[in-house]
Amino acid sequence: MSIKVSQLTKTYGRQKALDQVSFEMNPGEILGFVGPNGAGKTTTMKILTGYIGATSGTAHVNGKNVERSSFEIRKEIGYLPEHNPLYPEMYVKEYLNYVAGLYGLDKTAGIRIDDIINQTGLEKEKKKTIGALSKGYRQRVGLAQAILHDPDVLILDEPTSGLDPNQIVEIRSLISSLGKEKTVMLSTHLMQEVEAICDRIIIIKQGEIVADDKVGEIRTNQEENKQTILVEFDKPMDQEALEQIEGVNKVKKIDGNNWLVESLSKEDIRQNIFNYAVQNNFIVLSMQKKEKSVEEVFQNLTK
């Protein structure tokens, strides 16, 4: 139930899609693998699932070398590709029975299929042809086939693509529950999705990893020596006076008596702002430390 990638490189002619990418994943971990279009996300996932080979470097799934044990590893991986390949003329349940046969599932496959249909919210659609389904429900069918054989490792490329907000919440909940027992790697363009369900985030840019951190820590680690404070006073404040407060680097008026105060100090400057207000007969109506969102960190690292 683990993934280990070491110095993974993939070139297409003169174009280098991956450049010595290395990372590890442990059981029970949900990893958000994110980056702009063309960064190398899908290429990495295709190598891990045995769809394409690497130019150099190694990839292991559950301790097995992907290149040497490709067929065996595919039994242990559930894969939802970016472009979900389905048979539009087949009925939902018929298709899942077909997939069960490919995996060689035994006579209990019918019970497993019914369970997966319920998990993925396909109960009302199971008697329809796949071609008659909306994009969101086709995505659910793709997720159903990925988890049907109860794999140890899930690799999901844009798993909530095409889903409406309510469906996204349901699928996120399903992925979160699966992540308690499996190793889950997913790519997405939605940073809110990473914050909602992922334990860890890897940001890749032009084939190279530019950040690898826990989701809850990447914001502070990327802005270790910078803090931004939102503060509101009870009456107009002079900008030059604010700039003279110890630790303040830059101030910007937002509107009314609201100010954005920036500092490069390692020390929390909110106490300095409060002390200045008291000494000069100002009342601080509100003050909060503004943390960058994961999306802002992503933009800073990839633009």
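Sequential numbering from 1 along the given sequence is applied to the chain's residues.
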Do [X] and [Y] have side chains that get closer than 4.5 Å, going by heavy atoms?
| X | Y | answer |
| --- | --- | --- |
| I201 | V34 | yes |
| L18 | T55 | no |
| S286 | E232 | yes |
| F23 | I3 | yes |

side-chain contact (heavy atoms from CB on, under 4.5 Å) involving [X] - partner list, sequence neighbours excluded:
| X | answer |
| --- | --- |
| R138 | L86, I130, L133, K135 |
| E193 | P159, T160, I168, R172, L186, T188, L190, I197 |
| E67 | N65 |

So for atom [atom1], which belongs to [X], do other residues, nucleotides or ligands contribute more than 12 heavy atoms lying within a distance under 6.0 Å?
| X | atom1 | answer |
| --- | --- | --- |
| K10 | NZ | yes |
| Q167 | CD | yes |
| E82 | CD | yes |
| L102 | CG | yes |
| K289 | NZ | yes |

Could you see if [X] belongs to whatever hydrophobic cluster contains [Y]? Use Ile, Leu, Val, Met, Phe, Trp, Tyr and a side-chain cutoff under 4.5 Å.
| X | Y | result |
| --- | --- | --- |
| L156 | I204 | no |
| L154 | I171 | yes |
| V21 | V66 | yes |
| L80 | I77 | no |
| L163 | V141 | yes |

Item checked: salt bridge (charged side-chain N to carboxylate O under 4.0 Å, His left out) against K253, all qualifying residues, sequence neighbours excluded -> none
Next item on the list: Would you please name every residue forming a salt bridge (charged side-chain N to carboxylate O under 4.0 Å, His left out) with E158, sequence neighbours left out?
Entry: none
Give the other cluster members for [X], using side-chain heavy-atom distances under 4.5 Å between Ile, Leu, Val, Met, Phe, Trp and Tyr residues; answer none if it is isolated.
| X | value |
| --- | --- |
| V231 | I229, F233, M237, L242, I245, V248, V251, W259, V261, I269, I273, F274, Y276, V278, F282, V284, M287 |
| I254 | L230, L260 |
| F71 | none |

Next item on the list: Go through the steps for K182 and D150 under the test salt bridge (Lys or Arg N to Asp or Glu O under 4.0 Å), then give the verdict.
Entry: CA-CA 9 Å; K182 304 179 185 299; D150 195 23; 2.6 Å; yes
Restricting to non-hydrogen atoms, name the atom on [X] and the atom on [Y] that form the minimum distance, rounded to 0.1 Å.
| X | Y | answer |
| --- | --- | --- |
| L122 | A144 | CD1-CB, 4.1 Å |
| T129 | P88 | CB-O, 3.6 Å |
| S176 | I30 | CA-CD1, 3.9 Å |
| I116 | L148 | CG1-CD1, 4.0 Å |
| P27 | S2 | CD-CB, 4.4 Å |
| T49 | M45 | OG1-O, 2.9 Å |

Exam field: side chain [X] to backbone [Y], donor-acceptor pair closer than 3.5 Å:
| X | Y | value |
| --- | --- | --- |
| N62 | K64 | no |
| D234 | I283 | yes |
| T9 | G57 | no |
| E29 | N26 | yes |

Side-chain donor-acceptor pair under 3.5 Å between [X] and [Y], yes or no?
| X | Y | value |
| --- | --- | --- |
| E243 | Q239 | yes |
| Q119 | D115 | yes |
| S263 | N249 | no |

To the closest 0.5 Å, what do you measure between [atom1] ([X]) and [atom2] ([Y])?
| X | Y | atom1 | atom2 | result |
| --- | --- | --- | --- | --- |
| I147 | L174 | CD1 | CG | 5.0 Å |
| S6 | L8 | OG | CG | 8.5 Å |
| C198 | I218 | SG | CD1 | 11.5 Å |
| L285 | K235 | CG | NZ | 11.0 Å |
| K205 | D19 | NZ | CG | 13.5 Å |
| L48 | M25 | CG | CE | 9.5 Å |

Next item on the list: Before giving the answer on side chain to side chain donor-acceptor pair (under 3.5 Å), spell out for N275 and Q271 the whole-Å C-alpha distance, their side-chain angles and the decisive distance to 0.1 Å.
Entry: CA-CA 6 Å; N275 289 341; Q271 185 66 53; 2.9 Å; yes
Distance-only donor-acceptor hits, side chain of residues 89-100, under 3.5 Å, sequence neighbours excluded:
{"from": "K93", "atom 1": "NZ", "to": "D114", "atom 2": "OD1", "distance (Å)": "2.9"}
{"from": "E94", "atom 1": "OE1", "to": "Y91", "atom 2": "N", "distance (Å)": "3.0"}
{"from": "N97", "atom 1": "ND2", "to": "K93", "atom 2": "O", "distance (Å)": "3.1"}

Quick one: do [X] and [Y] make a salt bridge, cutoff under 4.0 Å?
| X | Y | result |
| --- | --- | --- |
| R200 | D212 | yes |
| K126 | E123 | yes |
| E170 | R140 | yes |

Checklist line | Qualifying residues under ring pair (Phe, Tyr, Trp, His ring centres under 6.0 Å), relative to Y137, sequence neighbours excluded | finding: none
Margin query: Could you work out, with ring pair (Phe, Tyr, Trp, His ring centres under 6.0 Å) as the rule, every residue matching H149, not counting sequence neighbours?
Written below: Y103
Item checked: Residue pairs, two or more places apart or on separate chains, that pass ring pair (Phe, Tyr, Trp, His ring centres under 6.0 Å) and touch residues 164-206 -> none
Item checked: Cation-aromatic face contact R74/Y79, 6.0 Å, 45 degrees -> no
